Amino acid sequence: MQNVEQGPEACRQLGRALAQAQCDLAVFSSKDKYIEAEVVRGYAEACEDGQGRVVGYPPRHRSMDFGLPEGSAVTVEVVRDTSGEWEVSYYRTLMSCDGVLMVGGGQSTRVAGVVALAQRIPVVPVAAFGGGAGQVWINLDKVRNDTDDADIALLGADWSSDSARKLVTCLLRQRDRRVRHERTMARSRNLQAWSGALGWVVAVACMAVAVLGLVTAAPARAATSMDLAVLVGAPLFASVAGAVIRNSFETESQWPRACIRGLGAGLVTVLLYVASQLLSVPTLLDRLDVRRLLFMTIPLGFTAGFTFDLVFERLRSGAAAGAPPGSDLLSSAAPSGGQVDPSE
């Protein structure tokens with residue numbers, strides 16, 4: 001501790017500044033050796049009728065009396081904690097406060113400051129009087145949370161006649177920044193939720209288009225541009241659906257990017273499959289049964305999109321061009337007009 005002789009008056013000034021800012025107080029002891037007694041007295045001096053509110057949280061076996069004059073404008077509420085240890089009430093209440101003011105103190109003050117920093121609770125450690133609050137100020141400089149360089153300099157400055165007003169303003173400024181941060185995070189979570197829901201809609205729509213291509217495919221005939229578009233397009237929609245569904249399992253949903261990666265994996269896989277069929281049956285396009293091939297290429301495209309990372313890994317490692325994922329099933333998809341060589 002340092003500058004101890006200034007401490008009581010500084011605490012009264014802080015209480016008056018908190019009252020002028022219309023803050024409520026949560027305190028834990030009325031003993032003179034703790035700062036609460038002087039803060040509450042200064043708070044009571046500056047409060048107008050009915051505006052001040054002090055809530056005390058003593059252990060179940062202790063009383064609390066700040067010796068305020070009769071008819072004081074401050075309302076003091078005592079909420080006894082079920083625990084007989086003041087530390088339990090102290091740390092439990094800390095989590096529900098909008099800000100923490102620290103002057104001096106020891107190990108408990110330092111622990112409370114660390115907890116407040118970890119929970120992003122606005123904290124004002126008055127370093128001018130040393131003690132645990134001085135250590136919290138050092139920790140705050142490393143974490144920052146909702147403070148800036150000017151706030152850190154203010155908290156570490158020597159005590160002066162206008163320090164109380166500036167410190168309370170700093171506390172309220174941190175609170176406002178925290179509220180803005182929480183609103184930003186809430187909007188981000190909502191946007192992420194909407195994005196995830198939209199991704200599922202896209203996946204369902206792509207699967208519906210792929211199945212529609214299967215249902216509306218033309219019977220076996222000489223290949224036309226429309227037949228080739230359906231043969232390649234339907235599996236690509238399925239691959240996009242697979243990639244989006246796969247991405248939905250990730251912590252951060254980025255389904256537009258997944259669509260592009262799934263589209264690439266599906267295109268490569270489907271083209272390799274069609275190329276292998278053309279090598280086996282050179283006359284495949286003379287009598288192309290699109291519907292029969294789609295029963296193979298749509299699941300193949302979906303698998304490629306769902307496992308696009310494996311597809312790209314195979315391509316990077318130089319996998320055989322005629323052995324895309326699912327190639328072990330090719331022997332069951334013989335197109336009309338020819339036989340598939342099981343060796344392909």
Side-chain angles (χ1 to χ4, degrees), residues 10-30 34-44 46-48 50-58 64 66 73-81 86-105 108-127 132-133 136-137 139-141 143-148 150-152 154-155 163-189:
C11 290
R12 284 191 291 271
Q13 292 178 17
L14 287 167
R16 287 192 286 270
L18 289 168
Q20 292 166 1
Q22 297 183 347
C23 296
D24 295 337
L25 300 185
V27 295
F28 305 93
S29 176
S30 58
Y34 298 117
I35 71 168
E36 282 100 322
E38 297 296 343
V39 170
V40 170
R41 288 165 189 157
Y43 185 84
C47 281
E48 298 180 2
Q51 289 188 350
R53 179 171 177 261
V54 177
V55 183
Y57 296 92
M64 182 174 287
F66 292 99
V74 175
T75 301
V76 179
E77 302 176 14
V78 177
V79 180
R80 297 190 183 281
D81 195 271
W86 69 267
E87 293 92 341
V88 176
S89 174
Y90 180 53
Y91 294 119
R92 181 184 296 168
T93 308
L94 178 67
M95 306 303 294
S96 62
C97 290
D98 297 312
V100 182
L101 172 65
M102 300 179 176
V103 180
S108 298
T109 301
R110 183 177 182 182
V111 172
V114 172
V115 172
L117 294 178
Q119 298 298 320
R120 205 186 180 104
I121 299 173
V123 58
V124 172
V126 183
V136 175
W137 172 63
N139 296 332
L140 179 61
D141 185 37
V143 178
R144 292 301 177 100
N145 285 343
D146 299 301
T147 59
D148 53 23
D151 295 329
I152 297 298
L154 172 64
L155 296 172
S163 291
R165 177 185 59 82
K166 291 181 178 179
L167 290 171
V168 172
T169 301
C170 175
L171 180 63
L172 299 179
R173 189 163 54 240
Q174 290 183 57
R175 182 199 59 183
D176 293 341
R177 290 170 182 165
R178 183 192 185 193
V179 170
R180 289 195 297 268
H181 172 76
E182 290 175 347
R183 289 175 179 172
T184 301
M185 294 301 296
R187 285 194 297 267
S188 178
R189 288 192 296 269

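Here, residue 1 is the first one in the sequence, and each next residue gets the next number. The structure displayed is predicted, hence computed values, not measured ones.
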- Is there a donor-acceptor pair under 3.5 Å between the side chain of W137 and the backbone N or O of V126?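 No, because the side chain of W137 does not come within donor-acceptor range (under 3.5 Å) of the backbone of V126.
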- Message: Taking Y57's backbone N and O only, do any of them form a donor-acceptor pair with S89's side chain (distance below 3.5 Å, no angle check)?
- Response: yes
[atom1] of [X] to [atom2] of [Y]: how many Å apart, nearest 0.5 Å?
{"X": "L155", "Y": "M102", "atom1": "CG", "atom2": "CE", "value": "11.5 Å"}
{"X": "C11", "Y": "R16", "atom1": "SG", "atom2": "CZ", "value": "11.0 Å"}
{"X": "M64", "Y": "E36", "atom1": "CE", "atom2": "CD", "value": "7.5 Å"}
{"X": "I35", "Y": "L14", "atom1": "CD1", "atom2": "CG", "value": "7.5 Å"}
{"X": "D176", "Y": "L171", "atom1": "CG", "atom2": "CG", "value": "10.0 Å"}
{"X": "S188", "Y": "R183", "atom1": "OG", "atom2": "CZ", "value": "16.0 Å"}

Would a 4.5 Å heavy-atom cut-off, applied to side chains only, mark [X] and [Y] as touching?
{"X": "Y91", "Y": "V111", "result": "yes"}
{"X": "V39", "Y": "V27", "result": "no"}
{"X": "H181", "Y": "R177", "result": "no"}
{"X": "R180", "Y": "D146", "result": "no"}
{"X": "Y43", "Y": "D24", "result": "yes"}
{"X": "R144", "Y": "D151", "result": "no"}
{"X": "Q174", "Y": "N145", "result": "no"}
{"X": "L18", "Y": "L101", "result": "yes"}

Heavy-atom closest pair, residues [X] and [Y]:
{"X": "V124", "Y": "L167", "result": "CG2-O, 3.8 Å"}
{"X": "I121", "Y": "R178", "result": "CA-NH1, 4.1 Å"}
{"X": "C47", "Y": "G52", "result": "SG-CA, 3.5 Å"}
{"X": "V100", "Y": "A116", "result": "CG2-CB, 4.3 Å"}
{"X": "A112", "Y": "L94", "result": "O-CD2, 3.5 Å"}
{"X": "A26", "Y": "T93", "result": "CB-CG2, 4.4 Å"}

- Item | For Y90, all residues meeting ring-ring contact (aromatic ring centres under 6.0 Å, His included), sequence neighbours excluded | F28, W86
- Query: Could you walk me through whether C23 and L172 pass the side-chain contact (heavy atoms from CB on, under 4.5 Å) check?
  - Reply: CA-CA 9 Å; C23 296; L172 299 179; 4.0 Å; yes
